[in-house]
There are 2 protein chains.
Amino acid sequence: MPKRVDHEERRGQIAEALVRVAGRRGLHAVGMRDVAAEAGVSLRLVQYYFGTKEKLLLYGLQHLTDRFTERVGARLRAVGRDPGPRATAEALLLTSLPTDEESRTFHLLYTSYAVLSVTDEALAAQPFIANPDAAEDALAGLLRQAQESGLADPGVDARTEAIGLLAMAAAMGTSILVGQRGPESATEVLRHHLDRIFTPPDDGPPAP
Amino acid sequence: MPKRVDHEERRGQIAEALVRVAGRRGLHAVGMRDVAAEAGVSLRLVQYYFGTKEKLLLYGLQHLTDRFTERVGARLRAVGRDPGPRATAEALLLTSLPTDEESRTFHLLYTSYAVLSVTDEALAAQPFIANPDAAEDALAGLLRQAQESGLADPGVDARTEAIGLLAMAAAMGTSILVGQRGPESATEVLRHHLDRIFTPPDDGPPAP
DNA sequence: TTCTTCGTGATACGACCGTACCATCATGTT
DNA sequence: AACATGATGGTACGGTCGTATCACGAAGAA
């Protein structure tokens, strides 16, 4: 038998090539030959490891969301262990903004996939739609926990605010992507709403 | 000379055919032949009136935004003349939600065009990106006016709130489109934030 | 009436795309 | 050593897409 290469690793390399070229020229413009050239392999190889283009695209979506999940985790770890709910929520929201090349590519492709899923049933059946639901639950839980700890305004509805925050982050991310808005503006708006929700504890030590 | 047909009207008919078929099968999947068949004309006709596919797509985008502007105007007129800022803002925001087939198509195609504009410079040069800016100005002006009239909380920043409201409407519109959320949920979230911003006048007559 | 020009149809062309087929090489196994 | 099999390359095929070309009818102008 020949080299006995690791299939999963190879598929990952090709999927990353797909993400790169799709991030550059748009998901609609990427062909099997482009992916092969970007990955430095022959067209035949891409066929060999994925069979059909549809499977390649689905795998690419999976690869994309996996990498993004890791990215969010890294960002959360970067804010230090046991951060407050406010810092966690902020990291969660700001990570999804397209500020550097990687997040820009992620945002572009994720939106492309989402748009495609409206008219493509194979994509619509993909569970990547459920991902925002998980984020919504996490953020709502964070807010509720903050409310119980007295760190957040107990008068607001946690789930409603979570939905609103995630929606704002998503749409303003797209605005950044198309060049309509700068990342600073989006960050400012998000921070403003976080400030509104997270009431600072007013039982601090009085000034001397 | 022959029948001397109205070019602009004909182009409008073809553009509407483009919007219909693109709304059904996705913008990426629409070809010149599909548009011709949908419009009930020959492929040659589409070429004759638009020359190239790119021009057809640009014209279709223009047609789409024009129709949407009319729709917003109609919705504003439907709330009665001289409505309060609250009713105007609510109409503005709720009109952009994909609730019926027409708004669903609009939302899908507008998002498709926006995604394409990231990697297509001809679309990026199109002024359809400036449209949200106009909406932002209008909504911010509305909020500021309401603040001056004592109808809205004077403590909030009008522009920041306007940006947030439009962003929420846009992103939740996409959520509705992909089937992740129902229109009722989105409406509820928007109304919640409008309630927060628009403080009802508390100088009403005291209860007997 | 004749002619010019606009509108319309049918069809062909070249390019590209996804997929399938065939050949070859390298490497474990027997 | 012979062989079986996984990995890889090259290439061809059918289809579709955007565009270009050729042709014809019809109606206002001369």
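Only heavy atoms go into these numbers, but all of them, side chains included; no hydrogens, no water, no symmetry mates. Each chain gets a letter, A, B and so on, in the order the sequences are listed, and its residues count up from 1.
For the pair A:Phe50 CZ and C:dT19 C1', the interatomic distance rounds to 16 Å; values are reported in whole Å. As a whole-Å value, the separation of A:Arg25 CZ from C:dC16 C1' is 13 Å. A:Asp6 places its CG atom 10 Å from the P atom of D:dA7, with the value rounded to the nearest Å. Separating the CG atom of A:Leu57 from the C1' atom of C:dC17 is a distance of 13 Å, rounded to the nearest angstrom.
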Determine all donor-acceptor pairs shorter than 3.5 Å in which one atom belongs to a side chain in residues 46-54 of chain A; sequence neighbours excluded.
unit_1  : atom_1 : unit_2  : atom_2 : d
A:Lys53 : NZ     : A:Val30 : O      : 3.3

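Within the structure, every pair that satisfies the ring-ring contact (aromatic ring centres under 6.0 Å, His included) test and touches residues 121-159 of chain A, not counting sequence neighbours, is listed here: A:Tyr110-A:Phe128.
For B:Arg67, the salt bridge (Lys or Arg N to Asp or Glu O under 4.0 Å) criterion is met by no residue, not counting sequence neighbours. B:Arg71 meets the side-chain hydrogen bond (donor to acceptor under 3.5 Å, both in side chains) test with B:Asp100, B:Glu102; sequence neighbours excluded.
Sorted by residue number, the list of members of residues 108-121 of chain A with any non-hydrogen atom under 4.0 Å from DNA chain D is empty.
B:Pro85 is listed as a side-chain neighbour of B:Leu151, based on a closest heavy-atom distance under 4.5 Å. The side-chain heavy atoms of B:Leu61 and B:Leu109, taken from C-beta on, include no pair separated by under 4.5 Å.
In B:Asp6, the CG atom is crowded: over 12 heavy atoms of neighbouring residues, nucleotides or ligands sit closer than 6.0 Å.
For the OP1/OP2 pair of D:dA7 and a distance below 4.0 Å, the side-chain nitrogens and oxygens of A:His7 include at least one atom meeting the criterion. Within the 4.0 Å cut-off from OP1 or OP2 of C:dG9, not a single side-chain nitrogen or oxygen of B:Tyr48 is found. In this structure, A:Tyr49 reaches the D:dT8 phosphate: one of its side-chain N or O atoms is under 4.0 Å from OP1 or OP2.
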For a quick check, with a 4.0 angstrom heavy-atom cut-off, what is the B/S/- contact string for nucleotides 9-18 of chain D, read 5' to 3'?
BB-B----BB
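Side chains of A:His7 and A:Arg10: a donor-acceptor N/O pair is absent below 3.5 angstrom, by distance only.
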